[in-house]
There are 2 protein chains.
Amino acid sequence: MAAKRARKHPVRETTIQDIAAHAGVSKATVSRVVNGVPTVAEDIAERVRASVAELGYTPSQTARSLSLGVSRTIGVLAPDLANPMFQQVLHGVHRAAAADGYRVLVADTLEDEAGETGAAQDIRNRTDALVLIAPRMTRPELLDLLPRVQPVAVVNRTTGRNAVVAQVDYAAGIQVLARHLVSLGHSRIAFLSGPEASRSNHERQHGLTAFREEHPGIEIMELAGGSSFEHGYDAWEAIRASGATAVIAFNDIVALGLLGRLDEEGVHVPEELSVTGFDDIPFSRFSAPPLTTMTVDLSGVGAAAWRELHAEMTGEERRDPVVFMPVLTVRGSTGPRA
Amino acid sequence: MAAKRARKHPVRETTIQDIAAHAGVSKATVSRVVNGVPTVAEDIAERVRASVAELGYTPSQTARSLSLGVSRTIGVLAPDLANPMFQQVLHGVHRAAAADGYRVLVADTLEDEAGETGAAQDIRNRTDALVLIAPRMTRPELLDLLPRVQPVAVVNRTTGRNAVVAQVDYAAGIQVLARHLVSLGHSRIAFLSGPEASRSNHERQHGLTAFREEHPGIEIMELAGGSSFEHGYDAWEAIRASGATAVIAFNDIVALGLLGRLDEEGVHVPEELSVTGFDDIPFSRFSAPPLTTMTVDLSGVGAAAWRELHAEMTGEERRDPVVFMPVLTVRGSTGPRA
DNA sequence: TTGAAAGCGCTAACAT
DNA sequence: ATGTTAGCGCTTTCAA
């Protein structure tokens with residue numbers, strides 16, 4: 001019986017109640033009209049629509065989400081939004097989710113690596129599902145987090161059956177690259193490795209280990225590296241010292257850095273040295289020479305993550321990881337051994 | 001007096017009510033503890049925290065948003081998430097907004113250009129504010145939309161005083177480029193224009209018009225173009241026919257396309273032809289030769305958009321557009337006239 | 001310091 | 001076909 005309590009915060013400009021009053025109907029009827037429920041007399045519906053137009057009403061999606069229990073919004077958490085690789089994945093997720101009428105909330109964890117699980121939770125608490133890209137998260141942390149943010153899709157990591165997974169087969173991909181080089185006659189190959197903590201780097205290493213066993217005559221030397229342009233640029237001395245005639249760079253960025261250095265040093269590619277990258281980032285086709293690399297459909301990975309997630313959300317029980325095979329794209333940076 | 005009505009939709013796993021019951025306190029107390037309100041006895045607070053931990057409770061941000069009237073989430077609407085330019089802006093917005101504790105919802109309008117205003121509204125209805133990047137929207141549409149999505153920041157368009165604005169001065173930028181070329185001795189310059197509908201292309205055209213007036217001895221020919229790699233690649237014949245000794249491409253992508261073609265045709269850059277781009281996308285420094293271009297701090301534009309928006313949201317009344325001046329970055333693709 | 005209850009803006013079950 | 005009302009899960013006022 002208490003009087004209406006005043007709220008402090010600025011209230012929404014026009015609500016369903018305003019429309020109801022203006023059109024002389026109940027909130028329920030307005031809701032029906034707005035949502036296209038057909039059981040409303042045409043003249044009433046028309047009146048409601050007129051009020052909506054006149055007052056410029058658009059429904060609060062927040063209220064709608066609370067009432068419905070779903071928001072038709074998903075979250076994407078990535079390590080670094082500035083990185084083209086994650087941008088591609090994001091784009092793929094977005095395109096696929098948008099097609100199903102879902103919005104996407106993004107966040108990265110660059111500034112706050114420690115708060116990764118907290119961020120995941122927070123995002124999940126505003127959305128219906130999560131796409132998680134967390135290459136550096138430890139496995140125990142990951143396995144602890146997953147049950148708390150279901151439904152969740154994980155990109156480029158294995159999770160047992162704790163989440164839907166979309167991933168790239170880096171181990172197989174790097175072997176394709178090695179095979180390509182060997183077929184060109186190279187038998188001393190340098191591998192410029194990536195960051196120590198990177199899971200995808202480990203996969204590449206495992207792939208190469210397998211390759212060595214199958215090809216005893218081929219020597220693949222691993223050189224410490226990283227993932228940046230500079231790492232490639234700076235690797236030249238080590239490569240020269242290794243006597244390799246071909247180099248497999250961790251990724252395209254590194255390869256491009258190396259290419260820049262080789263140009264400065266007057267080393268002809270591919271005549272004196274073959275160079276390969278990985279990822280096929282958009283500009284690898286424009287380098288001089290264009291880069292031979294493994295093309296990875298990152299946008300497809302993102303789309304697949306959504307597809308699997310969506311399937312899970314709609315009750316389907318399919319938790320087999322979808323794995324993407326990178327495909328070899330031969331361009332001008334590789335050639336026969338001198 | 002009616003019995004509790006059953007809801008159909010799956011209800012939230014653990015709610016504040018569950019914690020309250022488990023800890024033997026009221027919802028209000030749980031809310032206080034969770035939000036760090038200090039007026040709670042330490043032993044009670046401890047009990048609540050224990051329940052939270054035991055039941056794994058995290059508050060529904062949707063309910064919180066509805067109650068609070070704000071979501072601490074903003075929306076970013078861009079034409080195409082696959083485009084590195086918008087990705088950079090998005091990244092800038094995200095970084096800045098995240099620093100202030102805001103989440104960001106993204107969407108693009110590629111699939112549904114017509115629904116652009118609807119999408120803007122929808123996004124705005126789930127967020128506290130909007131960053132709008134809509135280079136192709138007509139001005140009437142834009143001016144009609146803005147009042148309905150306040151507070152809103154608009155990127156790279158003028159809006160009078162109807163919105164907060166962050167923009168790049170393309171007109172001034174292109175004149176810097178022209179001046180650079182003229183200082184190198186060029187007097188016949190081709191401008192590969194961008195898409196007809198693009199506002200930033202118009203600005204470039206205006207800039208060049210002004211330039212021509214100031215430099216009567218210089219001839220700047222406009223060649224129909226576009227914004228893609230192919231447009232640059234295909235422009236070669238027209239350029240050759242024009243007799244130009246230097247070309248200003250609409251942007252870096254176009255310039256890179258042209259560079260690729262020139263390489264194929266055996267035309268030496270910059271000895272036989274100087275080429276410039278615009279934007280300084282990440283890979284322009286790695287092309288052969290590296291591209292002379294105007295560096296645009298797109299991420300800074302995004303950050304500025306947020307900063308202005310945030311100021312507006314917190315009651316400050318500053319609506320002067322913040323304009324970014326591109327800066328000339330001279331690399332290897334330009335040189336003295338032959 | 002704590003609790004009861006109103007209210008945020010909507011949807012849907014139920015009654016008419 | 002339309003209205004009434006009980007929620008959705010929180011926050012906050014007010015009373016105790």
Side-chain angles (χ1 to χ4, degrees), chain A residues 1-21 23-48 52 55 57-72 122 124-126 128, chain B residues 1-21 23-48 52 55 57-72 122 124-126 128:
Chain A
M1 30 89 234
K4 198 175 202 244
R5 307 248 181 96
R7 277 270 156 155
K8 295 281 200 28
H9 61 75
V11 76
R12 209 147 201 280
E13 57 302 341
T14 309
T15 72
I16 198 172
Q17 179 59 65
D18 299 326
I19 302 300
V25 299
S26 73
K27 293 191 300 174
T29 297
V30 176
S31 177
R32 291 186 185 106
V33 173
V34 168
N35 292 302
V37 177
T39 73
V40 180
E42 187 46 40
D43 55 329
I44 303 247
E46 200 40 67
R47 228 164 63 221
V48 171
V52 166
L55 304 193
Y57 167 73
T58 51
S60 157
Q61 295 300 326
T62 302
R64 196 149 197 283
S65 297
L66 182 60
S67 185
L68 290 175
V70 301
S71 61
R72 289 190 85 79
D122 177 83
R124 184 58 186 76
N125 278 335
R126 347 184 152 234
D128 298 342
Chain B
M1 31 87 234
K4 200 177 201 240
R5 308 247 181 96
R7 276 271 157 156
K8 296 280 200 25
H9 62 75
V11 75
R12 208 146 202 281
E13 57 300 345
T14 309
T15 72
I16 197 173
Q17 178 60 64
D18 299 328
I19 303 300
V25 299
S26 72
K27 294 191 298 174
T29 296
V30 176
S31 175
R32 292 189 183 103
V33 172
V34 168
N35 294 300
V37 177
T39 72
V40 179
E42 187 47 40
D43 55 330
I44 304 246
E46 201 39 67
R47 230 166 59 221
V48 171
V52 166
L55 304 192
Y57 168 73
T58 52
S60 157
Q61 296 300 328
T62 302
R64 198 147 196 282
S65 298
L66 182 61
S67 184
L68 255 16
V70 300
S71 60
R72 288 190 87 81
D122 178 83
R124 184 58 186 75
N125 279 334
R126 350 186 148 232
D128 297 343

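Convention: sequence-line order gives letters A, B, ...; per-chain numbering from 1.
- Between the side chain of A:Thr62 and the base of C:dG9, no donor-acceptor pair of N or O atoms lies under 3.5 Å.
- The separation between B:Ile16 atom CD1 and C:dA5 atom P is 16 Å, rounded to whole Å.
- For the side chain to side chain contact (heavy atoms under 4.5 Å, CB included) with A:Val33, the lone residue among A:Ile19, A:Ile44, A:Val52, A:Val40 that qualifies is A:Val40.
- Between D:dT2, D:dG3, C:dC10, one nucleotide has an atom nearer to the side chain of A:Val25 than all others, and that is D:dG3.
- An OP1 or OP2 oxygen of C:dT1 is reached within less than 4.0 angstrom by no side-chain nitrogen or oxygen of B:Thr39.
- In this structure, the separation between CZ on B:Arg64 and CG on A:Leu66 is 13.5 Å, given to the nearest 0.5 Å.
- The CZ atom of B:Arg64 sits 5 Å away from the P atom of D:dT11 (whole-angstrom rounding).
- Rounded to 10°, the helix from C:dT1-D:dA16 to C:dT16-D:dA1 has 40° between the axis fitted to its first five pairs and the one fitted to its last five.
- Distance from the side chain of A:Ser67 is smallest to C:dT11 among D:dG3, C:dG3, C:dT11.
- The CD1 atom of A:Ile44 sits 6 Å away from the P atom of D:dG3 (whole-angstrom rounding).
- Atom-to-atom, NZ of A:Lys27 to P of C:dC10 comes out at 9 Å; the value is rounded to the nearest Å.
- The side chain of A:Ser26 has D:dT4 as its nearest neighbour among D:dT4, D:dG9, C:dT1.
- In this structure, the CZ atom of A:Arg126 is 22 Å from the P atom of D:dC8, given to the nearest Å.
- Taking the side chain of A:Thr29 as heavy atoms from C-beta on, and the options D:dT2, C:dA4, D:dG9, the nearest nucleotide is D:dT2.
- For the residue pair A:Ser60/B:Asn125, the side-chain donor-acceptor check at 3.5 Å is not satisfied.
- We find that CG of A:Leu68 is positioned 14 Å from C1' of D:dG9, with the value rounded to whole Å.
- For the pair B:Gln61 CD and D:dC10 C1', the interatomic distance rounds to 10 Å; values are reported in whole Å.
- At least one donor-acceptor pair closer than 3.5 Å links the side chain of A:Arg47 to the backbone N or O of A:Ala23.
- At the heavy-atom level, B:Ala28 lies under 4.0 Å from base atoms of the strands shown.
- One can place CG of A:Leu66 at 14 Å from P of D:dG7, the figure rounded to the nearest angstrom.
- Among all heavy-atom pairs drawn from B:Lys27 and B:Ala20, the shortest one is N-CB, 3.7 Å.
- For D:dG9, the OP1/OP2 oxygens have no side-chain nitrogen or oxygen of B:Thr15 closer than 4.0 Å.
- B:Arg32 has no side-chain polar atom (N or O) that falls below the 4.0 Å cut-off from OP1 or OP2 of D:dT11.
- With sequence neighbours excluded, the residues satisfying salt bridge (Lys or Arg N to Asp or Glu O under 4.0 Å) with B:Asp122 are A:Arg103, B:Arg126.
- Between the side chain of A:Asp128 and the backbone N or O of A:Arg72, at least one donor-acceptor pair lies under 3.5 Å.
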